[in-house]
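One structure below.
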Number of protein chains: 2
Amino acid sequence: MRIGELADRACVSTRALRYYEEQGLLRSSRTAGGQRVYPHSAEDRVRLIRELYTAGLTSRVIAELLPAIDARHVSPELLARLLDERARTKAKVAELQAAGQRLDALIALATHPDSDSCPATLDRAAAKSPAP
Amino acid sequence: MRIGELADRACVSTRALRYYEEQGLLRSSRTAGGQRVYPHSAEDRVRLIRELYTAGLTSRVIAELLPAIDARHVSPELLARLLDERARTKAKVAELQAAGQRLDALIALATHPDSDSCPATLDRAAAKSPAP
DNA sequence: CTAGAACTTGACGCCAACGTCAAAGGCAAA
DNA sequence: TTTGCCTTTGACGTTGGCGTCAAGTTCTAG
């Protein structure tokens with residue numbers, strides 16, 4: 001398959017695919033004329049790459065990670081980095097959830113106008129704001 | 001307190017504090033000489049701002065949010081945006097956790113070398129990779 | 001064989017949240 | 001008063017993951 005079809009299938013732009021190749025995340029063979037050709041497996045490859053990006057990893061880290069996934073072997077240094085990244089993602093999840101609760105409190109404040117008289121909700125919404 | 005002390009207390013740079021002010025997120029009074037002066041409450045204010053940033057909100061959204069928090073009143077448009085943002089954070093949490101599990105699988109692969117023979121772990125680590 | 005869709009490389013653009021340097025002025029202690 | 005740190009505005013730099021032309025080439029349907 002060529003780059004356009006892969007882009008459609010994996011729901012990314014062709015620009016992104018070329019960028020992934022440039023970063024060493026994705027390989028391709030070429031036609032006689034120089035156009036990129038991908039195997040069907042490339043679709044899942046791209047989805048994996050996207051998932052790792054979504055996890056907050058950078059191209060550089062992903063580039064180190066993919067060979068380890070393929071080889072099913074993780075070097076000690078990479079393991080250290082993995083532990084580090086995992087900690088980072090866990091922290092990020094916690095932070096996101098905390099902020100999510102703040103948003104929830106604000107939403108509750110908007111959908112239940114009587115929560116104006118509910119100190120607990122307000123405390124959760126803006127714990128340290130100046131009291132009226 | 002002046003900008004340096006606030007920066008120390010809230011664990012952000014002075015540059016960030018000036019940026020927040022520029023974006024309308026933080027106010028300050030001035031000395032006769034023009035230096036910024038903050039009340040003690042500014043520390044919590046900055047922490048709140050940081051938390052909202054951490055949640056993936058932009059300056060623009062935060063700038064709309066803060067007055068609503070202060071006034072304890074949320075307009076319908078803002079409510080819609082809040083619901084949107086909350087959905088976004090929830091989706092992000094899910095994505096992060098999915099990627100986190102992938103990292104966990106890789107870590108397991110590194111710390112328990114015999115998991116090479118555990119198809120389930122491998123499936124979780126790289127569900128669609130070509131089989132050896 | 002030819003039109004035109006899809007593809008190529010190259011290079012600049014973008015955006016957000018600051019970092020960083022510069023030159024100048026403010027402030028407090030001795 | 002002087003020393004020396006703190007602060008001011010202004011402006012350019014950075015980073016990442018692409019978007020977006022541009023000008024030229026390749027592929028494929030008819």
* Asked: Do NZ/NE/NH1/NH2 and the carboxylate oxygens of B:R47 and B:E51 come within less than 4.0 Å?
  -> no
* Asked: Between A:Y53 and A:S59, does any side-chain donor sit less than 3.5 Å from a side-chain acceptor?
  -> yes
Just N and O in the side chain of [X]: are any of them under 4.0 Å from OP1 or OP2 of [N]?
X: A:T31; N: C:dC7; answer: no
X: A:T14; N: C:dA6; answer: no
X: B:R36; N: C:dG26; answer: no
X: A:Y19; N: D:dC18; answer: no
X: B:Y20; N: C:dC18; answer: yes
X: B:S13; N: C:dG19; answer: yes

Classify [X] by what it touches in the nucleic acid, base, sugar-phosphate, or nothing, heavy-atom distance under 4.0 Å.
X: A:L17; value: nothing
X: A:L57; value: sugar-phosphate
X: A:R60; value: nothing

* **Candidates D:dT8, D:dG17, C:dC18 - which lies nearest the side chain of B:I3** => D:dT8
* Structure fact -> Considering only heavy side-chain atoms of A:R18, the closest of C:dA17, D:dC18, C:dT9 is C:dT9
* Residue that, paired with B:L82, satisfies side-chain contact (heavy atoms from CB on, under 4.5 Å) out of A:L109, A:D104, A:I107 -> A:I107
* Other residues, nucleotides, ligands: >12 heavy atoms within 6.0 Å of B:R60 CZ -> no
Between [N] atom [atom2] and [X] atom [atom1], what is the distance in whole Å?
X: B:I62; N: C:dA17; atom1: CD1; atom2: P; answer: 7 Å
X: B:I49; N: C:dA16; atom1: CD1; atom2: P; answer: 17 Å
X: A:E22; N: C:dA11; atom1: CD; atom2: P; answer: 12 Å
X: A:R30; N: C:dT8; atom1: CZ; atom2: C1'; answer: 8 Å
X: A:E5; N: D:dT28; atom1: CD; atom2: C1'; answer: 14 Å
X: A:E51; N: D:dG17; atom1: CD; atom2: P; answer: 16 Å
X: A:L52; N: D:dG17; atom1: CG; atom2: P; answer: 12 Å
X: B:E21; N: C:dC18; atom1: CD; atom2: C1'; answer: 15 Å

* 5'-most by nearest nucleotide on DNA chain C - B:Q23 or B:R2 -> B:Q23
* Structure fact -> On DNA chain C, more 5' by nearest nucleotide between B:S59 and A:Q35 is A:Q35
* Between B:R15 and A:R50, which has a closest nucleotide on DNA chain D that is more 5'? -> B:R15
* **Passing candidate, side-chain hydrogen bond (donor to acceptor under 3.5 Å, both in side chains) with A:D84, options A:R88, A:R86, A:R81** => A:R88
* Asked: For A:R27 and A:E21, what are the C-alpha separation, side-chain angles and deciding distance, and is it a side-chain contact (heavy atoms from CB on, under 4.5 Å)?
  -> CA-CA 6 Å; A:R27 289 183 314 170; A:E21 184 169 331; over 6 Å; no
